Amino acid sequence: MNYNPKEIEKKWQKYWYQNKIFEAVEKPNQKKFYGLIEFPYPSGSGLHVGHIRAFTSMEVISRKRRLQGYNVLFPIGYDAFGLPTENYAIKTKTHPRIVTDRNIKMFEKQMKRIGYGFDWDRVIDTTDENYYKWTQWIFLQMFKKGLAYKAKTLVNFCPECKVVLANEESQNGICDRCGSEVVQKEKDVWFLKIRAYAERLLAGLDKLDYPEKIKVEQQNWIGKSNGADVKFTIKDNQKQKEIVVYTTRPDTIFGATFLVIAPEHPIVEEFIDSLENIEEVREYQRQAKLKKEFERVHMSKEKSGVRLNGICAVNPLTNKEIPVFIADYVIMDYGTGAIMAVPAHDTRDYEFAKKYNLPIIEVIKGGDIEKEAYVSKEGGEMVNSGFLNGMDVPQAIEAMIAYMSQKGIGTPKTDYKMKDWAFNRQRYWGEPIPIINCEKCGQVPMDEKDLPLKLPELDDFTPADDASSPLAKVTEWVNTVCPKCGGKATRETDTMPQWAGSSWYYLRYMSPRDNEHAVNPEAYKYWGQVDWYNGGMEHVTRHLIYSRFWNMFLYDIGAVTHEEPYKKRTAQGLILGADGEKMSKSRNNVVNPDDVVDEYGADVLRMFILFIGDYEKSAPWNPDAIKGCQRFLNKFWNLMDMIKEGDTKGANIDYCIKKVDEDLETLKFNTAIAQIMSTVNDIYQRGYVTKEELNKLIIILNPIAPHITSEMYEIVNGGAKIEKAQWPQYDESKLTFDVVDIPVQINGKLRARISVNKDATEQEALDNVKNNTKVLDGKQIIKVIYVPGRIINIIVK
RNA sequence: GCGACCGUGGCGGAAUUGGCAGACGCGCUAGACUUAGAAUCUAGUAUCUCAGGAUGUGGGAGUUCAAGUCUCUUCGGUCGCACCA
């Protein structure tokens, strides 16, 4: 008998998909498991080995759960709106619909060749009008609750893609998509009030089974800080105005020796006439505006600023007059755009004070302010601080907040780095925003009955140079009537960002064809939360937070009953090219899974991608190492020629089951596979395998290599199908052998080995050493350390 | 700069309540089979060695009967955050 992957794999794929073996049907009496992978963007270049790694983990868990008796939902779909398709459409003058459909077909074909156990009847596509109808519906609900609003702001605009980018899409001033430099532009922008959910998004993390690393990233992204708004007075010769600064260190106010405000802070204009150095101030403002955000951000950069001559501020606690500066290390976007500078206890203020020769007053004892700022928030002792003197920092913070609240000069405030979510793009290939602008009524939501608001047909998808959407050119689509007053009105011409469709797709899988609900309540009641969600680290802030936000919103309006969408999240590492670099077309190191399947078969590919290394770390693709998996599967296949009833000594199947069972649950696929290999090696040593042993091995290997094991199970068991089999149990009492080899150490050095019963007493072990080795001859025993079953260490003289 | 993680053969990587370092696989060496190659199989594969041992998990120190594992220190790498007041 020879193992022929080509034939076997085709046979079983046909069997699985034609018989809908993986169809998920709600069965109220059976325990459910909902496994989710991040649905792919159907790009023209097809499936990548990175996808294989990302998908195969949940594929293995899903197949294992099926064998463990769970009713499994393991769906697949396509996140198909987005720029690459649109850019391709512009270039080739092909409608994005056609491009998308073609790519989806290719992805489906490729994924089926791997043998994935997806439910192919639940496939969703975010660009399908029956899908985006509900994306629009959710947006409308948010609009009605006041969570979607339009505001004029400076936005990050990519002149190349002609599109407004979210902050996260333009980090370091570079467009995420095309790498060109981003410019600032004033525009009307739709926002979703994600900040209103900041606290819940933060608090919710406690209950979730996410790796600590992911929680930390989300916490950083939300960026909570506790502090206070404090009122300072700014004055010139004639007038005085109030300015609010934000600080997390109200305890240090007595040490505030100057004020720093952002160059674009509006108060500058209010005092512009009193400034003695207008020229200098204007020049600094101009420079600051020129600097890109990513330049302003670098701490290594030397501090710079300009004093506003002619005005000063008054410290509300000391009543002393202190100078005011504009400096670009204070940003308008955060807090109030103004700070009180306490050089003795803040590194940045310290640097600035040193450079401009400003007074540094110590208010907390404990550091050496001659050398550097003392920034610790723990302990310390307040000095030079009036009524705070003698307190430690936490006490002082509390006392100062109480004092300021009472005097009306300050109020406690919690701030977040996270901004509201800029929720529109000037592109064609996205969900149209279902809002109508009426001359009389303003922004009017579309009637839900009229959803979906379909994309109009178009020949030219090029965005206009003025940064407006291509949809703006379709006047017959744009011009409409107001749903409220029936008067003349126009549609929103912007579309939603790509993150929209992926923010709720896991819900749609539960009832993908329901025309009455985004998610069918009955289906939701059964499938509920996603039990396990695997995907990339690059999505743990944006996508994961956005979708948690949407789910919380849907929870608030009663559409779902769990506040959190995903119980457990894991993330795979990257697959690098054979050269250790990130796979990319330009480096010419991309591995196409189709080629691997052609040469080795799907089972070998699946097994190798899991065996390649630590699942959560990146690993280079080694084109030679894959042969090891091919050899192993051949060897495994040939076990069928070795079936014989006999003693099961020599190969510990129970231990193997336990190890594989546990390792699969913790994503240690590499060691699970190593254990199966090791056990098979033991069986080859012994020369035969019992049918019972083989069946167990076949079943535990099945999630990883389903084709070969389905075939083997059928052959070994007279035509029986493996999906009816049960995941094997292991016998706790058989995990270790009764007699074990343990090392004998003399003074901590390995000197011999003895064979003893695994729970022999110390005396028995010692006698064994005396009788069977010479290591104690002529030695005087001082101490014996004996760990039964592990080691014996004898200290001698 | 701050935080987290990591550093083990020629390579990918195993090994945690501290208890045989190098599982498993690749590669390599020798042999078998073959006209030859491929495939397969068998044996070997950390280093040094006076063959008794000695050394060895980035470097240095420490705790311990015992350290890849714990502590301190130092060097190198990956990721995240980064003038957030």
Side-chain angles (χ1 to χ4, degrees), chain A residues 171-172 211-214 216-221 223-225 227-228 230 245-249 252 256 260 262 294 296-303 327-331 333-342 345-349 351-352 375 415-418 537-538 540-541 573-574 578 580 607-608 611-614 616-632 634-635 638 659 668 670-681 684 740-753 782-787 789-796:
Chain A
Q171 284 174 358
N172 296 333
E212 203 47 40
K213 198 174 143 177
I214 293 180
V216 168
E217 281 196 34
Q218 295 207 355
Q219 282 158 4
N220 282 339
W221 201 74
K224 179 180 178 171
S225 72
V230 184
V245 305
Y246 178 67
T247 181
T248 55
R249 297 296 302 272
T252 62
V260 186
F294 66 98
R296 291 181 59 170
V297 140
H298 272 276
M299 202 171 183
S300 53
K301 259 196 126 54
E302 206 183 319
K303 300 272 176 300
D328 61 8
Y329 81 91
V330 172
I331 44 185
D333 267 11
Y334 186 76
T336 58
I339 63 160
M340 59 172 208
V342 184
H345 305 289
D346 181 282
T347 324
R348 296 148 300 178
D349 300 343
E351 254 180 77
F352 196 83
V375 298
D415 209 350
Y416 303 92
K417 281 193 248 177
M418 183 169 70
M537 274 311 286
E538 68 275 23
V540 304
T541 48
L574 286 176
M607 188 169 188
F608 180 60
F611 187 59
I612 200 162
D614 185 331
E616 291 169 282
K617 291 196 191 125
S618 55
W621 180 266
N622 179 342
D624 292 324
I626 194 168
K627 288 185 189 122
C629 291
Q630 187 186 37
R631 283 177 197 150
F632 170 76
N634 257 309
K635 207 168 168 183
N638 290 327
K659 176 83 177 148
K668 291 177 167 181
N670 53 339
T671 49
I673 292 167
Q675 184 57 52
I676 298 176
M677 287 173 166
S678 195
T679 303
V680 169
N681 288 346
Y684 267 78
V740 286
D741 262 17
I742 64 165
V744 179
Q745 290 185 345
I746 302 298
N747 293 341
K749 302 270 183 200
L750 179 66
R751 282 294 177 269
R753 323 177 54 80
I782 293 173
K783 191 178 173 188
V784 177
I785 297 108
Y786 172 61
V787 184
R790 302 302 287 269
I791 199 165
I792 182 164
N793 187 7
I794 305 159
I795 311 306
V796 298

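Bear in mind the structure is a predicted one, so any value in this text is a computation, not a measurement.
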task = Please work out if A/D415 contacts a base, only the sugar-phosphate, or nothing of the nucleic acid, heavy-atom cut-off 4.0 Å.
result = nothing
ask   = Could you run down nucleotides 9-18 of chain B 5' to 3' and tag each one B, S or - for protein heavy-atom contact under 4.0 Å?
value = ---BSS----
ask   = Roughly how many Å is it from CD in A/E351 to C1' in B/rG1, rounded to a whole number?
value = 10 Å
query = Could one point to a donor on the side chain of A/K213 or the base of B/rC79 with an acceptor on the other under 3.5 Å away?
reply = no
Nearest-angstrom distance, C1' atom, B/rG25 to B/rA32 = 23 Å
query = So what does A/A674 hit on the nucleic acid, given a heavy-atom distance under 4.0 Å: a base, only sugar-phosphate, or nothing?
reply = base
Any protein N or O atoms within reach of nucleotides 45-51 of chain B? Criterion: under 3.5 Å, listing atom names and distances.
none

request  = Rounded to the nearest angstrom, tell me the gap between atom OH in A/Y246 and atom P in B/rA85.
outcome  = 6 Å
request  = Could you encode protein contacts along nucleotides 61-67 of chain B as a string, one character per nucleotide from 5' to 3', using B for base contact, S for sugar-phosphate-only contact and - for no contact, with a heavy-atom cut-off of under 4.0 Å?
outcome  = ----B--
inquiry  = Taking B/rC75 as the reference, what is the distance to B/rC65 when you measure between their C1' atoms (whole Å, please)?
reply    = 32 Å
remark   = From CD1 of A/I673 across to P of B/rG25 the rounded distance in Å is 12 Å
ask   = Do A/I676 and A/F632 come close enough that some side-chain heavy atom pair is under 4.5 Å?
value = yes
query = Taking only N and O in the side chain of A/Y334, is any of them less than 4.0 Å away from OP1 or OP2 of B/rA85?
reply = yes
task = Would you indicate whether the side-chain heavy atoms of A/I792 and A/V784 approach each other to under 4.5 Å?
result = yes
note = Answer for the Watson-Crick or wobble partner of B/rU78, both distances under 3.5 Å, is B/rA4
task = Could you pull out all residues at least two apart from A/Q218 that satisfy side chain to side chain donor-acceptor pair (under 3.5 Å)?
result = A/R548
query = Are A/D346 and A/T252 close enough that some pair of their side-chain heavy atoms sits under 4.5 Å apart?
reply = no
Would you list the protein and nucleotides 52-58 of chain B atom pairs, both N or O, that sit under 3.5 Å from each other?
from: B/rA54; atom 1: OP1; to: A/R751; atom 2: NH2; distance (Å): 3.1

task = Please tell me if the side chains of A/I785 and A/Q745 come closer than 4.5 Å, counting only heavy atoms from C-beta onward.
result = no
task = Would you indicate, yes or no, if B/rG1 has its OP1 or OP2 atom less than 4.0 angstrom from a side-chain nitrogen or oxygen of A/T347?
result = no
ask   = With a 4.5 Å limit on heavy-atom distance, are the side chains of A/I746 and A/K749 in contact?
value = no
task = Hunt down the Watson-Crick or G-U wobble partner of B/rU47, both distances under 3.5 Å, from any strand shown, or write none.
result = B/rA54
query = Who does B/rA32 pair with, Watson-Crick or G-U, both distances under 3.5 Å?
reply = B/rU40
ask   = Hey, what do you get for OG1 (A/T247) to CG (A/D415), rounding to the nearest 0.5 Å?
value = 12.0 Å
request  = Quick one: list whatever passes side-chain contact (heavy atoms from CB on, under 4.5 Å) with A/K417, sequence neighbours left out.
outcome  = A/Y334
request  = Drop me the distance from A/I626's CD1 to A/M607's CE, to the nearest 0.5 angstrom.
outcome  = 11.0 Å
task = Would you indicate what A/V787 reaches in the nucleic acid, counting non-hydrogen atoms under 4.0 angstrom: base, sugar-phosphate, or nothing?
result = base
task = Determine the Euclidean distance between corresponding C1' atoms of B/rU47 and B/rU63; express it in Å to zero decimal places.
result = 28 Å
ask   = Now, which nucleotide makes the Watson-Crick or G-U wobble pair with B/rU69, with each of the two distances under 3.5 Å?
value = none
Partner residues of A/N670 under the side chain to side chain donor-acceptor pair (under 3.5 Å) criterion, sequence neighbours left out = none
key: Candidates B/rA85, B/rC20, B/rC81 - which lies nearest the side chain of A/P743   = B/rC20
request  = Map A/D349 and A/I742 onto RNA chain B by nearest heavy atom, then report which one ends up closer to the 5' terminus.
outcome  = A/I742
Span that lies between the C1' atom of B/rA15 and that of B/rA21, in whole angstrom = 7 Å
inquiry  = Rounded to whole Å, how long is the line connecting atom OH of A/Y684 with atom C1' of B/rC41?
reply    = 11 Å
Between B/rA14 and B/rA23 - P atom distance, rounded Å = 13 Å
query = Taking the side chain as C-beta and beyond, is there a heavy-atom pair between A/W621 and A/F608 under 4.5 Å?
reply = yes
key: Short side-chain donor-acceptor distance under 3.5 Å, A/T679 and A/Q675   = yes
Length of the CD-P vector between A/Q630 and B/rC26, whole Å = 11 Å
task = Applying side-chain contact (heavy atoms from CB on, under 4.5 Å), name anything that partners A/P743, two or more places apart in sequence or on another chain.
result = A/L750, A/I791
message = Nearest whole Å is fine: how far is B/rC83 P from A/M340 CE?
response = 20 Å
task = Return the set of residues passing ring-ring contact (aromatic ring centres under 6.0 Å, His included) with A/F611 (not counting sequence neighbours), or none when no residue passes.
result = none
task = Send over the distance from A/D328 CG to B/rA85 P, rounded to a whole Å.
result = 17 Å
request  = Find out whether the Lys NZ or Arg CZ of A/K303 is both under 6.0 angstrom from the six-membered ring centre of A/Y329 and within 45° of the ring's axis.
outcome  = yes
remark   = The glycosidic conformation of B/rG37, counting syn as within 90° of 0 and anti otherwise, is anti
Minimum-distance nucleotide to A/K303 side chain [options: B/rC81, B/rA85, B/rC83] = B/rC83
remark   = For B/rC26, the nucleotide meeting Watson-Crick or G-U wobble distances (both under 3.5 Å) is B/rG10
ask   = Is there a donor-acceptor contact under 3.5 Å from the side chain of A/N747 to the main chain of A/V796?
value = yes
task = Report yes or no: is there a donor-acceptor pair, N or O only, under 3.5 Å between the side chain of A/R790 and the base of B/rC20?
result = no
query = Can you list the residues that meet the salt bridge (Lys or Arg N to Asp or Glu O under 4.0 Å) rule with A/K668, with sequence neighbours excluded?
reply = none
query = Rounded to the nearest 0.5 Å, how far does CD1 of A/I794 lie from CD1 of A/I782?
reply = 12.0 Å
query = For atom C1', what is the distance between B/rU49 and B/rC24, given to the nearest Å?
reply = 30 Å
task = Find out whether A/V740 and A/R790 are in side-chain contact, i.e. whether some heavy atom of one side chain is under 4.5 Å from a heavy atom of the other.
result = no
request  = Write down the distance separating the P atoms in B/rG52 and B/rU57, rounded off to the nearest Å.
outcome  = 26 Å
key: Nucleotide B/rA4, atom P - distance to CD of A/Q219 in whole Å   = 13 Å
key: Any residue meeting side-chain contact (heavy atoms from CB on, under 4.5 Å) with A/V216, in chain and number order, not counting sequence neighbours   = A/E212, A/Q219, A/N220
ask   = Using atom C1' of each nucleotide, how far apart are B/rU78 and B/rU17 to the nearest Å?
value = 29 Å
key: Complementary nucleotide of B/rA21, counting Watson-Crick and G-U pairs under 3.5 Å   = none
Quick test: give all pairs of protein nitrogen or oxygen and nucleotides 27-32 of chain B nitrogen or oxygen below 3.5 Å, distance rounded to 0.1 Å.
from: B/rG27; atom 1: OP2; to: A/R631; atom 2: NH1; distance (Å): 3.3

